[in-house]
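The structure appears right after this line, and notes come after that.
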Amino acid sequence: MDTTPGTTPQHDDTAARRNAAAGRRRPIRRVRAAALTGAVAAAAALGAGTFGAISASAAAPKAPAPAAAAKAEAAPKGLTRTTHLTVDAAARAAQAALDAAEKDRQRVTVAVVDRNGNTIVTLRGDGAGPQSYESAERKAYTAVSWNAPTSELAGRLQSTPHLKDIPGTLFLAGGTPVTADGAPIAAIGVAGAPSGTLDEQYAKAGAAALDR
């Protein structure tokens with residue numbers, strides 16, 4: 001070892017060079033570590049985002065296709081479904097027909113039947129004749145059976161007179177059908193006014209009330 005004053009020992013000079021080299025390398029390690037940490041964080045964030053997107057897609061139920069929805073609503077094999085008026089709707093129609101007649105000071109009876117010709121509601125106005133009750137029901141029954149106003153059906157008797165022999169029918173004006181998608185679901189019959197034309201006018205007023 002050289003101990004001459006003013007002279008740096010050899011091992012001290014070597015140690016200094018090593019420290020300087022190590023000092024130059026440390027920032028590189030820090031940069032690499034920071035870059036690696038950032039990459040890992042970015043990958044984690046991307047993975048979380050992808051997982052969230054997949055989870056959201058899986059959680060959101062797909063809307064059923066129109067064909068599938070229609071198939072689900074189809075009647076079971078061997079059965080059929082029909083549309084009918086509710087009691088409330090039938091009562092509203094009957095009351096509207098009766099109100100129209102009373103406005104003209106006519107004493108009538110109004111009957112509403114369903115698709116099968118069964119009576120749902122019958123309203124007998126004050127002072128209506130006893131024959132009007134059955135006549136109103138038979139007019140409604142006839143209208144729903146042929147899906148046509150009874151004033152129109154009355155004209156068919158000229159070519160097919162035996163139609164009047166069918167039980168429960170009455171081929172006089174005063175009955176009108178109620179339809180949905182072109183098919184009869186009910187009918188309204190009115191009887192008791194001086195003419196079938198007036199009876200049918202009131203029946204149509206009842207049917208019109210269902211559209212309001």
Side-chain angles (χ1 to χ4, degrees), residues 70 73-76 78-212:
E73 296 176 359
L79 301 178
T80 184
R81 291 176 177 169
T82 57
T83 303
H84 295 264
L85 284 183
T86 63
V87 172
D88 289 342
R92 188 169 72 253
Q95 188 62 57
L98 187 60
D99 290 344
E102 290 180 345
K103 185 177 180 180
D104 292 343
R105 298 183 180 180
Q106 299 298 329
R107 301 172 180 178
V108 302
T109 295
V110 182
V112 181
V113 301
D114 65 13
R115 175 63 186 90
N116 300 319
N118 299 313
T119 302
I120 306 174
V121 175
T122 302
L123 295 180
R124 182 180 177 185
D126 295 336
Q131 84 290 350
S132 64
Y133 194 96
E134 182 180 354
S135 295
E137 289 185 334
R138 291 175 64 186
K139 288 181 180 181
Y141 178 87
T142 305
V144 77
S145 296
W146 277 272
N147 191 24
T150 50
S151 59
E152 177 184 324
L153 296 172
R156 300 183 187 181
L157 292 179
Q158 296 179 2
S159 57
T160 53
H162 298 297
L163 284 177
K164 65 180 182 348
D165 297 330
I166 299 176
T169 61
L170 184 60
F171 291 85
L172 294 176
T176 188
V178 176
T179 62
D181 296 328
I185 61 171
I188 303 171
V190 177
S195 69
T197 301
L198 284 175
D199 285 338
E200 199 158 304
Q201 176 182 321
Y202 304 143
K204 289 181 178 179
L210 296 173
D211 295 330
R212 296 197 292 268

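All figures in this text were calculated on a predicted structure; none of them were measured in a lab.
In this structure, the separation between CG on Asp181 and OG1 on Thr83 is 7.5 Å, given to the nearest 0.5 Å. Atom OG1 of Thr122 is separated from atom CG of Leu98 by 11.5 Å, given to the nearest 0.5 angstrom. For the atom pair CG (Asp199) and CD1 (Ile188), the distance works out to 13.0 Å, reported to the nearest 0.5 Å. We find the CG-NZ distance between Leu172 and Lys164 to be 12.0 Å, quoted to the nearest 0.5 Å. From Lys139, atom NZ reaches atom OG1 of Thr142 across 10.0 Å, with rounding to the nearest 0.5 Å.
Applying the ring-ring contact (aromatic ring centres under 6.0 Å, His included) criterion to Phe171, with sequence neighbours excluded, gives Trp146.
When all heavy atoms of Tyr141 and Gly168 are compared, the pair lying nearest together is CD2-O, 3.3 Å. Counting all heavy atoms, side chain and backbone alike, Ala128 lies closest to Thr109 at CB-OG1, 3.6 Å. Nearest heavy atoms, Ala205 versus Ala100: CB-CB, 3.9 Å. When all heavy atoms of Ala96 and Gly206 are compared, the closest pair comes out as CB-CA, 4.0 Å. When all heavy atoms of Gly174 and Ala203 are compared, the closest pair comes out as O-CB, 3.5 Å. Closest non-hydrogen pair, Ala90 versus Val121, comes out as CB-CG2, 3.9 Å.
The only member of Ile120, Leu85, Thr119, Asn118 that meets side chain to side chain contact (heavy atoms under 4.5 Å, CB included) when paired with Val113 is Thr119.
Looking at Glu200, its side chain never comes within 3.5 Å of a backbone N or O of Pro149 through a donor-acceptor pair. Of the possible donor and acceptor atoms, none in the side chain of Thr150 sits under 3.5 Å from a partner among the backbone N and O of Ala143.
With contacts defined as side-chain heavy-atom distances shorter than 4.5 Å, the pair Thr179/Asn147 qualifies.
Residue Arg92 places its CZ atom among more than 12 non-hydrogen atoms of other residues, nucleotides or ligands, all under 6.0 Å distant.
Residue pairs meeting the salt bridge (charged side-chain N to carboxylate O under 4.0 Å, His left out) criterion with at least one member in residues 112-138, sequence neighbours excluded, are Glu134-Arg138.
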- Mind running side-chain contact (heavy atoms from CB on, under 4.5 Å) on His84 and Asn116 for me, showing each step along the way? CA-CA 9 Å; His84 295 264; Asn116 300 319; 3.9 Å; yes
